[in-house]
There are 2 protein chains.
Amino acid sequence: MTARASIRQQVQRVREEAIVGAVNRLLSLKGYDAMTVDEVAAEAGMAKASLYKLFPSKEDLAAAAMVAALDRALAFVDGLNEQASRAPVATLAIAQLKAVVRWAMQTQLEGEMPSLPSQNSSLSASLQLNDQYMDRLVALSTKLGTWVADAQARGQLNSAFPAELVLYTLFARACDPVVTMLKSSGQYTHEQKLDWVTASTFEGLAAR
Amino acid sequence: MTARASIRQQVQRVREEAIVGAVNRLLSLKGYDAMTVDEVAAEAGMAKASLYKLFPSKEDLAAAAMVAALDRALAFVDGLNEQASRAPVATLAIAQLKAVVRWAMQTQLEGEMPSLPSQNSSLSASLQLNDQYMDRLVALSTKLGTWVADAQARGQLNSAFPAELVLYTLFARACDPVVTMLKSSGQYTHEQKLDWVTASTFEGLAAR
DNA sequence: GTCTATATCAAGATAGAC
DNA sequence: GTCTATCTTGATATAGAC
């Protein structure tokens, strides 16, 4: 009896993951407004009505995809922390921040970073009321904030900037449209693009 | 007879400017998708049908606002060039680039910089077919490109970056969402925000 | 030339059969 | 629990009166 229920739950979980994966790709490819629920259903391989049983609205779909993306980011950050705790020499906080930005940009290049209208949409309002989303956003901001404070204290990051500005900039660069623009003019290697955009974020455009 | 016609043309021109101004503000405030033609008509003080006589589609409205914005940018750039030709010492190319980015960010802060979904929308496709828009975009890119090449040749800009990347970054920073994020957390002065975001663009986040 | 009223359509959401 | 078929809404676009 419980086994039957468990199997059914697993099936549902697989279906949910298929939906969230489809939303993730479509959000990355076309953005929230251009994405239609019909497309999501088609890509996930089920009828729209079945999808609406699991996610009661389009906003819930987007929220689920964002939560999953934040979970991946948190997992990456935790992985860096583990590496650092095992490393013989303490890893530089700024190196960890660079690694996170680079990972985010790479994810974006691979079409797996959902990007939302960062401001002014009705979607942002509903996301801010979503506890699952907000919890993860706060958790990620806190972890990155620790590294920022550390890097500023050690003189690795410019201390003239408020930590808030640095955090906002890191989040913004994680979805930097420059990455996509470079994608279309495809005369450079993947690695070059990541190197350049990461460098321009931390070292600036001006010569040093 | 011609006077009558001229007056009528002037009236139309005023109405057109009211419309483009309204579109400009709404695009800056809410973005293209959230902006409705009803709002534009209301803000411009006329009925929707009258508006559609002048601009046959919503995309035409957005294009007109973008053309006007690019004209303002070109005028600003030309102003800098005139100043430089009158100055006793030649102005540094990098200083001019900084001035342009700062001007764009300030315009954005004031709610007068129309921002469009930079990618993947059906709008971008139609804009790329719009000659008025493309001419101005090419003109602006060419002028900025001259400064970029000059600044790289003089060792003011990092020559490791392809000029293309620098240009993309300048355009992207002109609509940097960080500016808006800082706007909401309003504990800083206008000037501070502009200084910081300009500095992070050219000098980077890392300490020098 | 401008406005009121309406057509048209796309997309989010749901009812009901199986 | 899933799918087909349908409802509903909101927004673009237009017809026709004045």
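Naming convention: chains lettered A, B, ... in sequence-line order (proteins, then strands); numbering from 1 in each chain.
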Rounded to whole angstrom units, what separation is found between the [atom1] atom of [X] and the [atom2] atom of [N]?
X: A/Leu51; N: C/dT14; atom1: CG; atom2: P; value: 13 Å
X: A/Asp60; N: C/dT14; atom1: CG; atom2: P; value: 11 Å
X: B/Phe55; N: C/dG1; atom1: CZ; atom2: P; value: 16 Å

**Request:** Go through the steps for B/Arg173 and B/Val197 under the test side-chain contact (heavy atoms from CB on, under 4.5 Å), then give the verdict.
**Result:** CA-CA 9 Å; B/Arg173 295 305 167 263; B/Val197 186; 5.8 Å; no
**Prompt:** Would one find a side-chain N or O of B/Arg15 under 4.0 angstrom from OP1 or OP2 of C/dG1?
**Reply:** no
**Item:** Presence of A/Ser50 side-chain N/O under 4.0 Å of D/dC3 phosphate oxygens OP1/OP2
**Value:** yes
**Prompt:** Parallel, tilted or perpendicular for B/Trp103 and B/Phe76, by the 30°/60° rule?
**Reply:** parallel
**Request:** Spell out, as yes or no, whether a donor-acceptor pair under 3.5 Å connects the side chain of B/Gln156 to the backbone of B/Ile94.
**Result:** yes
**Message:** Could you check whether any side-chain N or O of B/Gln152 sits under 3.5 Å from a backbone N or O of B/Asn158, counting only pairs where one atom can act as donor and the other as acceptor?
**Reply:** yes
**Request:** Give the intermediate values and the outcome of side-chain contact (heavy atoms from CB on, under 4.5 Å) for residues B/Leu116 and B/Leu123.
**Result:** CA-CA 8 Å; B/Leu116 303 179; B/Leu123 179 60; 3.8 Å; yes
**Message:** What does the B/S/- profile of nucleotides 4-18 of chain D look like, 5' to 3', with a 4.0 Å heavy-atom cutoff to protein?
**Reply:** B------SBBBB---
**Message:** When you compare the side chains of B/Glu112 and B/Ser28, does any donor N or O come within less than 3.5 Å of an acceptor on the partner?
**Reply:** no
